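Only heavy atoms go into these numbers, but all of them, side chains included; no hydrogens, no water, no symmetry mates. Since this is a predicted model, take the numbers as computed values, not measurements.
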Amino acid sequence: IRDVLAASDQVVFNAFEKIACFTPTSLQRQQATLSTSRGGLGLRSSAAHASAAYFASVNACAEADGWDPRSSEDFDYVISDIRTLTDRPHWGLDGSFQEVSQHDISAAVDDRQFNLLLSASSKQDCARINSCASQGVAAAWLTAIPSPYLGTAFTAACFITALKMWLGAAVCSEGPCPRCGKLMDAGGYHALTCKRYHTWTRRHDSLRDIFYYFCQMGRLNPKREPLIPTEQRDHTTGAIRGTNTRSDILLLSTGSRPC
C-alpha cells in the first residue's frame, strides 16, 4: 500500500506543478508537504502520514470496544514506522497509547521533517523557512477565502510568484538592479529589500492602508499615523523628555466601546 500512497502523492505534485508553473526541487517539495504553521503548503504526504492515520484509527476503535490495539494486524510495524518518522525510538515502549491522536503524531512527523529541512538548507533559506513558519501567521494568505470584494483575490501571476517566493524558487533572472545597480538574486530577495526610490516606504504605506481599510470596515474608528505624546529616556544622560511618537494606526474603539 505504501507504493500506492506514494503514487497518489506524485499525482498531487503533478497537479501542483501545473498550477505553480515550475518543478520544485527536493527541498522545496519537502517544504510544501509541511503544514502551513510550519512554513509549508499543507500538501501532506499520504505515504508519510499513513502510519499515523492507521494507528489513530485502530487505537480509537480499541478504546471504544475495549480490546488490545496491539492485537491488530501490522501494529508492531506501524509503531516502528512512527518511531522512525518522529525520531522517537522509545515511543510506546511502555505500551501506553491512550489519548494519542493522529494530529499529535502527524505534528511530530512534521516537526522532524521541518528540522531535517532546516539542516539541509542554506542560511538564507533557513531564515525564509522560519519566517514562513511563524505558527501559521505568515501563511494566512494561503488559507484566506479569495474574495474580490474583500481584496483577498490573487491574479494568476501574483499567486504563482507568491508560491515561488514561499518555496524559494527563482522568480527573476540575476542581473543588476535597475534602481540601485547592485546584483539582484533569482529568489527576489533584493527586489523586496532595495531601499532606492522609497520602495520600503511605499510597501509600508500600502500595508498600513490595507489594515486601515479593514479597521474601518470593523467600525474600530481608526486614525492614520496620529501623533501620540510619549516620554522617552535619554540613554546618555538618563533624563526623561516628552516627545511625540507617530503611530501607524490608532484604534479609538475596540468594537464594543470606545478605548
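A salt bridge is absent between R202 and D205: the closest approach of a Lys/Arg side-chain nitrogen to an acidic carboxylate oxygen does not fall below 4.0 angstrom. Between R70 and D76 no salt bridge is recorded (no basic side-chain N to carboxylate O distance below 4.0 Å). Salt-bridge annotation for D248 and R224: absent, with no side-chain N of the basic residue lying under 4.0 Å from a carboxylate O of the acidic one.
Because its NZ or CZ atom is both nearer than 6.0 Å to the ring centre of Y197 and within 45° of the ring axis, R179 counts as a cation-pi partner of that residue.
The minimum heavy-atom distance between D9 and A47, with the atom names listed, is OD2-N, 3.2 Å. Taking every heavy atom of both residues into account, K164 and V171 meet most closely at CB-CG1, 3.5 Å.
Side-chain contact, S71 with D68: no donor N or O sits under 3.5 Å from an acceptor N or O.
When side chains are defined from C-beta on, I129 counts as touching F114, because their heavy atoms get closer than 4.5 Å.
By the 6.0 Å contact criterion, CD1 on I145 is open, its count of non-hydrogen atoms from other residues, nucleotides or ligands being 12 or less. Within 6.0 Å of OH in Y189 there are 12 or fewer heavy atoms belonging to other residues, nucleotides or ligands. For Y213, the OH atom counts as densely surrounded, since its 6.0 Å shell holds more than 12 non-hydrogen atoms of other residues, nucleotides or ligands.
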Evaluate salt bridge (Lys or Arg N to Asp or Glu O under 4.0 Å) for D81 paired with R2, printing each intermediate quantity in order.
CA-CA 12 Å; D81 192 41; R2 187 60 63 91; 3.0 Å; yes
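Note on L163: it does not cluster hydrophobically with L192, by side-chain heavy-atom contacts below 4.5 Å among ILVMFWY residues.
Rounded to the nearest 0.5 angstrom, I82 CD1 and W91 CH2 are separated by 4.5 Å.
Aromatic pair F75/W67: ring centres not closer than 6.0 Å.
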